[in-house]
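Both counts, for ligands and for their atoms, begin at 1 and track the order of listing. Basis for what follows: all heavy atoms, side chains included, without hydrogens, waters or symmetry-related copies.
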Amino acid sequence: MSAAERVVVGHLYPGYLNIYADRGNIAVLAARARWRGFELAVVTIEPGDPTPGDVDLFYVGGGQDREQSLIAPDLAKRGPAIKEALAGGAAALAVCGGYQLLGQFYRDQRGDEQPGAGILPLYTEAGDRRMIGDVLLECELDPGDVRTVAGFENHAGRTILDEGAEPLGRVLAGFGNDGESGYEGCRLGRALGTYLHGPLLPRNPWLADWLLAQALGHRTGELPVFGPLEDELEAEAHGVSSVRARSRGGRY
Ligand code: GLN
């Protein structure tokens, strides 16, 4: 298979940050790539490993405060390399604990300040009550293309975006970044951060395709336009999750 049909995913800390089956997001990306005739090459990156120079998409999942604290110093050191790759057009998806640590810092539930990678324009401080439940967002990653994203959140962290920073979406149901701003996640070009677990991508196939397109675009220099796939099951999962979010999301 030629280089153009192979997309490299750098999976950060799967041994530490992988709650709520966040690893499932990689399985969805791999399957949808395969169904479209290209391959996902997943490189796992654990503490002390080098940061590969040819990553098209960085991925990091969520985790408890303890696991975050075990990898935070390594991720902070790795920040400049990831920042450079993103500036070069690579994409990223960071979920919950991983999302928090791509920011400036995460002050955890013990009050310890965990260093962030300084990539996303935000910081996070843990609050007393966890924000748990189904979430529904409205997103517009491409102008005029308004979509919904459904998922599940469970976090003590309250994330504050810097002035002028772009959220991933507007909260239709759920807590989101801090339970007050009405926004969820953060977007910086092709890099997306979110609190949404589930895993996220099986019930939001359009978002998986958006990330795959960005990654393949980085690899080939041309943003592909993917045709539709048969996503009945995914649409059903999205529907069930959306109904749950609207009925009880965002309540302590
Ligand atoms: N430990 C972090 C918090 O509680 C992230 C949790 C997670 O990844 N689900 O906010």
Side-chain angles (χ1 to χ4, degrees), residues 11-26 28 44-47 58-76 79 92-137 149-161 167-169 171 173-181 183-186 191-204 207 241 244-245 248-252:
H11 189 176
L12 292 156
Y13 317 115
Y16 296 83
L17 300 183
N18 179 42
I19 54 177
Y20 291 108
D22 287 341
R23 190 189 297 270
N25 289 322
I26 298 271
V28 169
T44 62
I45 305 169
E46 297 288 9
F58 287 95
Y59 175 72
V60 58
Q64 308 298 354
D65 287 7
R66 179 178 172 280
E67 279 68 32
Q68 288 174 283
S69 67
L70 294 174
I71 59 95
D74 184 271
L75 179 56
L93 175 64
V95 176
C96 207
Y99 160 50
Q100 295 167 337
L101 290 177
L102 286 196
Q104 305 307 323
F105 65 84
Y106 168 46
R107 188 165 293 115
D108 65 23
Q109 292 162 85
R110 290 189 316 188
D112 297 337
E113 191 170 298
Q114 300 187 16
I119 292 169
L120 294 178
L122 56 92
Y123 68 87
T124 304
E125 294 179 321
D128 300 334
R129 301 187 71 177
R130 298 192 70 80
M131 295 188 275
I132 302 176
D134 292 278
V135 185
L136 187 63
L137 307 179
V149 175
F152 181 82
E153 63 184 333
N154 180 347
H155 53 110
R158 274 83 174 145
T159 294
I160 310 300
L161 301 189
L168 172 64
V171 175
F175 293 101
N177 279 339
D178 60 0
E180 285 163 20
S181 67
Y183 293 104
E184 200 289 319
C186 182
L192 307 179
T194 179
Y195 272 115
L196 273 56
H197 294 283
L200 173 69
L201 298 181
R203 54 184 99 174
N204 303 286
L207 188 56
S241 194
R244 273 204 314 244
R248 60 179 188 215
R251 299 197 192 121
Y252 284 108

**Q** In residues 195-204, what donor-acceptor pairs under 3.5 Å come from side-chain atoms, sequence neighbours left out?
**A**
residue : atom : partner : partner atom : Å
Y195    : OH   : Q100    : NE2          : 2.9
Y195    : OH   : G157    : O            : 3.4
Y195    : OH   : T159    : OG1          : 2.6
H197    : ND1  : D22     : OD1          : 3.0
H197    : ND1  : D22     : OD2          : 3.2
R203    : NH1  : S241    : OG           : 2.8
R203    : NH2  : G198    : O            : 3.3
N204    : OD1  : A150    : N            : 2.8
N204    : OD1  : H238    : ND1          : 3.0
N204    : ND2  : A150    : O            : 2.7
N204    : ND2  : L200    : O            : 2.7

**Q** Quick one, D108 and Q68 - any side-chain contact, counting heavy atoms below 4.5 Å?
**A**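 When only atoms from C-beta onward are counted, Q68 and D108 do not touch, as no gap falls below 4.5 Å.
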
**Q** Apply ring-ring contact (aromatic ring centres under 6.0 Å, His included) to Y183 and list each qualifying residue two or more places apart in sequence or on a separate chain.
**A**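 Here no residue qualifies.
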
**Q** Please output the residues near ligand 1 using a strict heavy-atom distance under 4.0 Å, listed in chain and residue-number order.
**A**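 Only I19, G62, G63, Q64, D65, Q68, C96, G97, Q100, Y106, Q109, R130, N154, H155, A156, G157, H197 have heavy atoms that fall under 4.0 Å of ligand 1, ordered by chain and number.
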
**Q** Does any part of the side chain of L70, heavy atoms only, come nearer than 4.5 Å to the side chain of Y13, both counted from C-beta?
**A**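 Result no, sub-4.5 Å side-chain heavy-atom pair not found.
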
**Q** For R110, give me all partners under salt bridge (charged side-chain N to carboxylate O under 4.0 Å, His left out), at least two apart in sequence or on another chain.
**A**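 R110: salt bridge (charged side-chain N to carboxylate O under 4.0 Å, His left out) contacts with D112.
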
**Q** I'd like to know if E125 pairs up with R158 as an ion pair, taking the criterion as any Lys NZ or Arg NE/NH1/NH2 lying under 4.0 Å from an Asp or Glu carboxylate oxygen.
**A**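 Judged by the 4.0 Å cut-off on N to carboxylate O distance, E125 and R158 do not form a salt bridge.
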
